[in-house]
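Atom set for the values below is all heavy atoms of this structure, side chains included, hydrogens, waters and symmetry mates excluded. Every chain is numbered from 1, with letters handed out A, B, ... down the list of sequences.
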2 protein chains.
Amino acid sequence: MHVSSVPASDGSRATASPDGRRSTQAERSARSRSALLESAARGLSGHGYGNLVLERVANEAGYTRGALYHQFKDKEDLALAVIDWVDETWRQEVGRHIDHERDPVLALITLARGHAVFCRRDVARVAMALRLEFSGHDHPVARRLDGVSESLLKRCTRLISAGRRMGTIPPGPPARAVALAFIGAMEGAVIQLAGQAPHDEVLAARAAAGVLGIDHDASTSHPTRRPRGSSPRSADPA
Amino acid sequence: MHVSSVPASDGSRATASPDGRRSTQAERSARSRSALLESAARGLSGHGYGNLVLERVANEAGYTRGALYHQFKDKEDLALAVIDWVDETWRQEVGRHIDHERDPVLALITLARGHAVFCRRDVARVAMALRLEFSGHDHPVARRLDGVSESLLKRCTRLISAGRRMGTIPPGPPARAVALAFIGAMEGAVIQLAGQAPHDEVLAARAAAGVLGIDHDASTSHPTRRPRGSSPRSADPA
DNA sequence: CTGATAACATACACGCATGCATGTATCTTC
DNA sequence: GAAGATACATGCATGCGTGTATGTTATCAG
């Protein structure tokens, strides 16, 4: 599960590239940063921001707090970087697959399924955890979080409006409210299921379809037609 | 919104009963305990356990930490009491209404709607916040939380199984997994909607129905028994 | 009215996590 | 290969929150 949890007790930690060559400074730094980011993401996902202790983050990545404070200005800066990192990863692995989808309904259902698969990693609940911890507060983390959330929210809102214009999504509450519920239901279901495949994917799609008000078999009517390129993709290149 | 947020800067705080009589010790103590519990619930809901600072809890209730440590053994004891208090309130206001419901589907949808209404208060997210903060940890708060969650989960699981036996709920993933997703989707949607009535109620019911795999109008047929699909503007009165 | 006890306030000690300053190893450049 | 820079480790100071001990006020018993 953990990618870089090897404590590397010997002194030769991460000083050699995969190809055997000596690391360049940039490679070394990037690897450290990645390991710290992933460890911090796991920590944030499981403990929240307040309970996150930086020494544990560093240790679980195979470093000390010194490395962490070299890579990141402070705890807040680390959290912001994690948010950006998770957002980026999400866009790569989930958002990308729905960009080319023409049918809004299919795009939204694919989104839900993709999110469920994405959240099988232990990094999943970062967004939900931080949002619960900071929602309504005046804090840089809250603002950054609102930013990425707003982006996804707008995306869903547009898809819902488009679906309604096409008649594939029935009328109901304002599109933005539906989009909020869509995201919440999807994330809530996925979190509770805690990555137990394959039910997480099916039930996330069901919840999503329900919020949209469409017949649930729209989410299961394409059992063979999987979301683009996302076959039983394993959670993590462990 | 706040019930007992008056700081009562003068010395006559809470020494007189509503009827003007001098308070008895028991009344006085009970009122203090209630105020502290409610303040703590708000705090837990908005900040989580780790970020909860007891002096703020006490002050927002009109007391100091002294009163808090007189009523509760420590921070953990306070959190456990809040969990029990919220659970009790939930059973009174939501659970009670579904006990006499014979139709499992209607019971589940009523549960979702009731939960949405219940969560319009600022006390709502306590369960979700603490669950995210403690899930998977070995902590008394986590165990207590698992207890009340398990109770609700079993309830939903039984209702789902009953509905399937009756044929009103279609087959699908294991009932327990569906129940998990049901709770998660319901809570997630409600939290994201943050109590904006009346959409929270409608969309919570939609999400719930979707997870169950039933036609969504089963969730809107409750208030005003509409004929099937003949509602161009089915949204509730804004 | 008076002692006793509960309800609450105030003051202090302790642990702990953060942030920074300093020290050491590794890499780069010339 | 030596000097400079970068990556990282170690030690220290500070702030902050909890828990507890002690002091003060309100209620109760006789």
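Of the candidates D:dT18, C:dA9, D:dC28, D:dT18 carries the atom nearest the B:Leu54 side chain, counting heavy atoms from C-beta on. You'll find that the side chain of B:Tyr63 is closest to C:dC8, out of D:dT18, D:dC8, C:dC8. Of all nucleotides listed (C:dA7, C:dT18, D:dC8), C:dA7 comes nearest to the side chain of B:His70. Listed nucleotides D:dC28, C:dT26, C:dA6 differ in distance to B:Thr24; the shortest reach to its side chain belongs to D:dC28. Counting only heavy atoms from C-beta on, B:Ala67 has its side chain closest to C:dA9 among D:dA7, C:dA9, D:dT18. In the set D:dG19, D:dT6, C:dA9, D:dT6 carries the atom at the smallest distance from any side-chain atom of A:Gln25.
D:dA26 atom P lies 8 Å from atom CZ of B:Arg28, rounded to whole Å. Atom pair B:Glu55:CD and D:dG19:P shows a separation of 14 Å (rounding to whole Å applied). What separates CG of A:Leu78 from C1' of C:dA17 is a distance of 14 Å, to the nearest Å. As a whole-Å value, the separation of B:Asp74 CG from D:dG17 P is 18 Å. With rounding to whole Å, A:Asn51 atom CG is found 14 Å from D:dG17 atom P. Separating the CZ atom of A:Arg33 from the C1' atom of D:dT6 is a distance of 15 Å, rounded to the nearest angstrom. Look at OH on A:Tyr69: it is 14 Å from C1' on D:dT10, rounded to the nearest Å. Rounded to an integer number of Å, the gap from A:Glu27 CD to D:dT6 C1' is 15 Å.
With sequence neighbours excluded, no residue forms a side-chain contact (heavy atoms from CB on, under 4.5 Å) with A:Ala30. B:Arg143 is linked by a side chain to side chain donor-acceptor pair (under 3.5 Å) to B:Asp138, counting only residues two or more places apart in sequence or in another chain. Contacts of A:Trp85 classified as side chain to side chain donor-acceptor pair (under 3.5 Å), with partners at least two apart in sequence or in another chain: none. Listed by chain and residue number, A:Leu193, A:His199, B:Ala177, B:Leu180 satisfy the side-chain contact (heavy atoms from CB on, under 4.5 Å) test with A:Gln196 (two or more places apart in sequence, or in another chain). For A:Arg158, there are no salt bridge (charged side-chain N to carboxylate O under 4.0 Å, His left out) partners, not counting sequence neighbours.
For B:Ser29, a side-chain nitrogen or oxygen approaches OP1 or OP2 of C:dA7 to under 4.0 Å.
The stretch residues 131-141 of chain A has no heavy atom under 4.0 Å from DNA chain C, so no residue of it qualifies as close.
Residue A:Thr64 is classed as a base contact, given a heavy-atom separation below 4.0 Å to a base. Residue contacts for B:Leu68: at a heavy-atom cut-off of 4.0 Å it reaches no nucleic acid atom on any strand shown.
Along DNA chain D, the nucleotide nearest A:Gln71 and the nucleotide nearest B:Gly50 are compared for position; the residue whose nucleotide lies closer to the 5' end is A:Gln71. Across the interface with DNA chain C, nearest-nucleotide mapping of A:Leu52 and A:Gly66 shows A:Leu52 to be the residue nearer the 5′ end.
A heavy-atom distance below 4.5 Å is found between the side chains of A:Arg121 and A:Thr89.
Residue pairs meeting the side-chain hydrogen bond (donor to acceptor under 3.5 Å, both in side chains) criterion with at least one member in residues 65-79 of chain A, sequence neighbours excluded, are A:Ser29-A:Gln71. The stretch residues 174-195 of chain B participates, sequence neighbours left out, in these salt bridge (charged side-chain N to carboxylate O under 4.0 Å, His left out) pairs: B:Arg131-B:Glu187, B:Glu150-B:Arg176.
Residue-environment remark: CZ (A:Arg33) exceeds the threshold of 12 foreign heavy atoms within 6.0 Å. For B:Glu93, the CD atom sits in a packed shell: over 12 heavy atoms of surrounding residues, nucleotides or ligands are nearer than 6.0 Å.
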Can you check nucleotides 11-16 of chain C for protein contacts, nitrogen or oxygen pairs under 3.5 Å, and list what you find?
none

